[in-house]
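Because the structure is a prediction, the values reported are computed rather than measured. All chains are named by letter (A, B, ...) in the order of the sequence lines, taking the proteins before the strands, and each is independently numbered beginning at 1.
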Amino acid sequence: MKEIEFYDTRSRKQRPFTTLKPGHVGMYTCGPTVYAPQHVGNIRSRLLPDLIKRFLQSEGYEVTHVINITDVGHLVADADVGDDKMEVAARKAGLSAEEIAEKYTQMWRDDCAAVNCISPEENPKATDHIPEQIELGKRLEERGYLYTIADGVYFDTSLFPRYAELAGLDLEGQQEGARIGVTEGKKNPSDFAVWKFADPDMKRLQEWDSPWGRGFPGWHLECSAMSVRYLGERFDIHTAGIDLATVHHSNEVAQTECGFEVHPSVEFWMHNEFLDMGGEKMSKSKGNVKTLSNLSERGFDPLAFRYFFLQAHYRQQQAYTYEAIEAAARGLRRLQKIGRALELVEGDGNPGAQAPLKERFRDALADDLNAPRAMAVVWEVARSDDLADVDRRDLLRCFDLILGLRLGEDAAAESEPAWEQDPEIDGLLAERERAREVKDWATADRIRDELTALEVEIIDTPEGARWRRIAGHSG
RNA sequence: GGCGGCGUAGCCAAGUGGCUAAGGCGCGGGCCUGCAAAGCCCUGAUCCCCGGUUCGAAUCCGGGCGCCGCCUCCA
């Protein structure tokens with residue numbers, strides 16, 4: 001049994017996992033901005049905390065997981081005052097910001113359920129916590145960290161010596177405005193808005209009164225305010241995509257640690273790497289597979305994405321290709337078949353025989369969640385000739401508590417997709433059946449070829465011939 | 001300009017100083033099946049290039065080449 005170790009972005013190393021409160025883990029995850037459907041990269045960022053949670057639960061920890069819903073803000077660019085992702089989406093759809101948020105929040109939750117994520121204990125919305133955010137802003141103001149300029153109230157990062165620590169920034173070397181316009185009046189390039197003033201000429205759908213005037217909170221404020229509200233001023237794990245580490249999380253740390261005078265506010269910063277889309281920008285016009293529903297439309301089980309996720313280490317960029325997803329779907333299906341067949345085995349297993357495999361699986365995950373290594377153990381069990389079936393069954397059950405691949409699911413409930421019917425095709429099939437009865441294989445094969453040309457696949461079963469459409473591979 | 005990551009068999013991907021370089025998918029071969037599907041078995045790499053350290057390197061160091069990400073309220 002190895003000690004559990006996780007890589008922590010702040011200390012830039014893998015170190016033994018410890019908790020602030022014995023047996024309990026507080027974990028915060030930066031959740032979705034709900035103005036559009038989530039893409040597969042977002043889902044990867046959702047699967048990381050789910051893996052952490054399942055693993056730690058299997059280790060006996062009680063995990064309180066909080067994922068926020070960002071349903072306000074997000075300026076598209078400084079140049080476009082008032083152009084805000086929520087607002088733009090709402091305007092386009094002719095809906096209110098709340099309706100847009102509701103729609104995409106639900107879509108996100110459906111996606112999470114489709115990849116079998118355990119629901120978080122708390123799933124707070126930013127707009128439901130405006131008072132908490134204002135309260136934190138006031139604390140920062142009282143402690144002298146804020147200053148006001150034309151478009152809002154800003155945090156002076158030069159007053160927080162540890163500002164560059166999390167992201168390992170070289171503030172001197174940063175090129176302000178390298179990718180975005182400079183905001184007039186900021187004291188330091190890294191300063192960020194805690195509260196933005198509403199543009200008097202542009203009525204926003206979402207704005208609130210505050211001690212600093214009417215406006216809306218800076219994006220970073222919500223995560224500080226809500227993590228403290230639900231997990232306390234200090235908690236154990238904070239997860240998100242790696243892109244958020246540099247700016248968002250540096251700012252979050254600044255707010256929480258300055259506002260509440262604590263350090264460190266987060267024990268383990270765990271960031272997942274991006275999917276490598278091969279330099280190809282995801283776009284609907286290109287028909288690139290990029291959302292979970294796109295996968296479903298192509299006939300893939302959404303859990304194939306979960307399997308795909310488990311095949312690579314979370315801190316490595318993972319190449320996202322059609323081929324890889326197809327391979328994952330196939331691997332998943334085979335594993336599920338094995339798991340389901342083993343569920344029919346009766347009897348008790350032998351814990352002694354299971355122990356070594358269990359330990360290797362567990363130790364792989366204890367080593368900064370090395371899921372690919374754990375999966376190798378899973379396959380070893382799935383295909384083992386040495387283990388008794390009861391032991392293979394028990395082991396896969398145990399593993400699947402963490403994998404979440406529904407390996408032992410009731411075969412009858414899931415089973416094969418329903419066999420299809422169609423007068424024309426059924427007619428050809430009947431003709432083929434007659435040919436087969438008289439062993440006229442030439443005719444039977446000719447009909448098979450005809451149907452194959454129509455993208456129809458014939459499967460002979462003990463109950464007779466069945467058919468189904470071959471999943472499309474276009475795009 | 002600053003910061004970070006990667007380059008291992010056709011594809012995805014573990015391994016980061018020393019057993020025969022995990023695992024999945026595909027390809028090929030075989031078994032089974034009239035054929036096919038499913039299933040089962042077998043099968044493949046000396047680790048981007050060059051130089052160095054070492055008894056010994058995919059694994060450490062230096063130099064190339066190539067790819068990707070962050071520095072934007074992008075996962």
Side-chain angles (χ1 to χ4, degrees), chain A residues 9 12 29-33 38-48 70 72-78 84-86 164 167-181 189-190 192-193 196 217-222 239-248 250-251 271-279 307-308 310-313 315-335 337-338 341 364 370-380 382-383 416 436 439-442 444-445 448-449 452 457-461 465-466 468:
Chain A
T9 303
R12 281 182 160 48
T29 297
C30 285
T33 303
Q38 301 298 299
H39 60 242
V40 286
N42 296 289
I43 306 299
R44 188 183 198 198
S45 295
R46 177 64 188 87
L47 286 167
L48 170 62
T70 299
V72 60
H74 283 214
L75 295 173
V76 166
D78 284 358
D84 157 312
K85 289 174 183 174
M86 290 297 306
L169 298 177
D170 170 8
L171 293 177
E172 301 296 320
Q174 297 277 72
Q175 269 188 347
E176 183 180 23
R179 296 177 65 195
I180 190 170
S190 52
F192 58 92
K196 297 273 278 188
W219 175 47
H220 317 292
L221 197 55
E222 63 175 89
T239 84
I242 187 65
D243 58 311
L244 297 186
T246 310
V247 173
H248 180 54
S250 293
N251 296 348
H271 294 104
N272 58 281
E273 256 298 347
F274 268 35
L275 293 178
D276 180 352
M277 310 303 289
Y307 184 98
F308 170 79
L310 291 168
Q311 278 192 307
H313 187 94
R315 284 198 295 115
Q316 295 300 329
Q317 291 181 7
Q318 184 177 15
Y320 184 82
T321 61
Y322 183 86
E323 229 182 333
I325 288 297
E326 199 176 32
R330 217 164 288 204
L332 170 67
R333 203 182 59 219
R334 285 183 183 152
L335 205 53
K337 269 193 178 176
I338 293 168
N370 196 322
R373 225 165 74 206
M375 286 300 284
V377 178
V378 171
W379 275 104
E380 194 177 319
R383 291 190 162 147
E416 298 291 318
R436 291 183 70 210
K439 300 198 189 301
D440 177 2
W441 308 127
D445 290 346
R448 177 192 290 283
D449 290 342
T452 302
E457 181 184 34
I458 298 173
I459 294 120
D460 292 324
T461 75
R466 298 292 144 79
R468 64 185 170 199

Can you say whether a donor on the side chain of A/D445 sits under 3.5 Å from an acceptor on the base of B/G34, or the other way round?
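Indeed there is one.
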Once hydrogens and angles are ignored, does a donor-acceptor distance under 3.5 Å link the base of B/C35 to the side chain of A/D460?
yes
Quick one: side chain to side chain donor-acceptor pair (under 3.5 Å) partners of [X], sequence neighbours excluded?
X: A/Q311; result: none
X: A/N42; result: A/H39
X: A/H271; result: A/T9, A/H249
X: A/S250; result: none

Could you tell me the Watson-Crick or G-U partner of [N], where both distances fall under 3.5 Å? Say none if there is no partner.
N: B/A9; value: none
N: B/G69; value: B/C3
N: B/A45; value: none
N: B/G39; value: B/C31
N: B/C60; value: B/G52

Of A/A167 and A/P372, whose closest RNA chain B nucleotide lies nearer the 5' terminus?
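Result: A/A167.
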On RNA chain B, more 5' by nearest nucleotide between A/S45 and A/W441 is A/W441
For atom P, what is the distance between B/U8 and B/U59, given to the nearest Å?
13 Å
Side chain of A/T321 - closest among B/C11, B/A36, B/A75:
B/C11
Any idea which of B/A13, B/A75, B/A37 is nearest the A/I459 side chain?
B/A37
With sequence neighbours excluded, residues passing ring-ring contact (aromatic ring centres under 6.0 Å, His included) with A/H248:
A/W219, A/H220
Partners passing ring-ring contact (aromatic ring centres under 6.0 Å, His included) against A/Y307 (at least two apart in sequence or in another chain):
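With neighbours one apart ignored, the set is empty.
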Of all residues at least two apart in sequence or in a different chain, which pass the salt bridge (Lys or Arg N to Asp or Glu O under 4.0 Å) check with A/D445?
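Listed in chain order: nothing, the list is empty.
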Under 4.0 Å between any heavy atoms, over every strand shown, what does A/I43 touch: base, sugar-phosphate, or nothing? Just pick one.
nothing
Pairs under 3.5 angstrom, nitrogen or oxygen only, protein versus nucleotides 15-19 of chain B, please.
| from | atom 1 | to | atom 2 | distance (Å) |
| --- | --- | --- | --- | --- |
| B/G15 | OP1 | A/N370 | ND2 | 2.9 |

So which atom in A/A240 and which in A/C30 form the shortest heavy-atom distance, rounded to 0.1 Å?
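Reported closest heavy-atom pair: CB-CB, 3.9 Å.
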Which heavy-atom pair separates A/I458 from A/R448 by the least distance, and what is that distance?
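Heavy atoms only, the tightest pair is O-NH1, 3.4 Å.
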Between the protein and nucleotides 24-29 of chain B, which nitrogen or oxygen pairs come in under 3.5 angstrom?
| from | atom 1 | to | atom 2 | distance (Å) |
| --- | --- | --- | --- | --- |
| B/G24 | OP1 | A/R383 | NH1 | 2.7 |
| B/G24 | O2' | A/Y307 | OH | 3.2 |
| B/C25 | OP1 | A/R334 | NH1 | 2.7 |
| B/G26 | OP1 | A/R330 | NH1 | 2.9 |
| B/G26 | OP1 | A/R334 | NH2 | 3.3 |
| B/G26 | OP2 | A/R334 | NH1 | 3.1 |

Which whole-number value in Å describes the distance from A/L335 CG to B/C12 P?
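After rounding, the gap between these two atoms is 22 Å.
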